[in-house]
Amino acid sequence: MSDSIQLSRRERQIMNVLHAEGSATVAAVQAKLPDPPTDMAVRRLMHILEEKGHVKRLRKEGREVIYAPSQSKARAGLQALKQVLDTFFGGAVDEALAAHLTRKDAALTGEQAERIQKLIDEAKREGR
């Protein structure tokens, strides 16, 4: 499968819809897209995404095909996060977290802070 960085803006929008929904028909994807293209254009883009290995056909319901992402939302999220970290923060997780936490609208609950601390402690113990 090729990197998601090689996706066009519209292909990325379609993948975002599919990851959010889990699976969808062309009509359902089209309805969720900003300034939606024609259904034929969405069908063509789904075919391109299928050829690139990002999308798979799950089944047919009547005349409609149900599409789904080829990889899990979690795996796609990790790849996207790595791309953002590498591109905007030079791979530095601390800089990314600092950028998030210094935003005026950022919120970090006590539970989240505790979980982050546990993950940091675990990573230290494992030598990561």
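Along the sequence shown, residues carry numbers from 1.
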May I have the step-by-step check of side chain to side chain contact (heavy atoms under 4.5 Å, CB included) for M46 and L18, ending in yes or no?
-> CA-CA 10 Å; M46 294 290 246; L18 288 174; 4.2 Å; yes
Minimum-distance pair of heavy atoms, taken over all atoms of A68 and G22 | CB-O, 3.6 Å
In Å and rounded to the nearest 0.5 Å, what is the CD1 to CZ distance from I48 to R10?
-> 12.5 Å
Taking T25 for the side chain and E64 for the main chain, is one N or O donor matched with an acceptor at less than 3.5 Å?
-> no
Residues clustered with I66, ILVMFWY side-chain links under 4.5 angstrom = L58
Between L85 and L97, is there a shared hydrophobic cluster once you connect ILVMFWY residues whose side-chain heavy atoms come closer than 4.5 Å?
-> no
Looking only at heavy atoms, the pair that brings Q30 and T38 closest together is NE2-C, 3.4 Å
Sequence neighbours left out, what pairs pass salt bridge (charged side-chain N to carboxylate O under 4.0 Å, His left out) with at least one residue falling in residues 73-84?
-> K82-D86
Output the distance between atom CE (M15) and atom NE2 (H54), rounded to the nearest 0.5 Å.
-> 7.0 Å
Kindly give the heavy-atom pair with the smallest separation between H19 and S72, and that separation in Å.
-> CE1-O, 3.9 Å
Just by modelled atom types, is the V84 backbone N or O under 3.5 Å from a matching donor or acceptor in the T87 side chain?
-> no
Closest non-hydrogen contact found for R63 with K60 is O-CE, 4.1 Å
Verify whether one side chain among Q6 and E11 offers a donor that lies under 3.5 Å from an acceptor in the other.
-> no
I14 to L49 - nearest heavy-atom pair and separation = CG2-CD1, 3.6 Å
Taking all non-hydrogen atoms of both residues into account, name the closest pair between A99 and F89 and its distance.
-> CB-CE2, 3.7 Å
Would you call K124-E122 a salt bridge at under 4.0 Å N-O?
-> no
Any side-chain donor near an acceptor of the partner, R115 and Q112, under 3.5 Å = no
If you measure from the Lys or Arg side-chain nitrogens to the Asp or Glu carboxylate oxygens, is any gap between K118 and E114 under 4.0 Å?
-> yes
Are L101 and I116 connected in a single hydrophobic cluster, I mean Ile/Leu/Val/Met/Phe/Trp/Tyr linked by side-chain heavy atoms less than 4.5 Å apart?
-> yes
SB check R57 E50 (cutoff 4.0 Å) = yes
Point-to-point distance, once rounded to the nearest 0.5 Å, from CD of Q117 to CD1 of I120 | 5.0 Å
Within a strict 4.5 Å, meaning less than it, do heavy atoms of the V26 and Y67 side chains meet?
-> yes
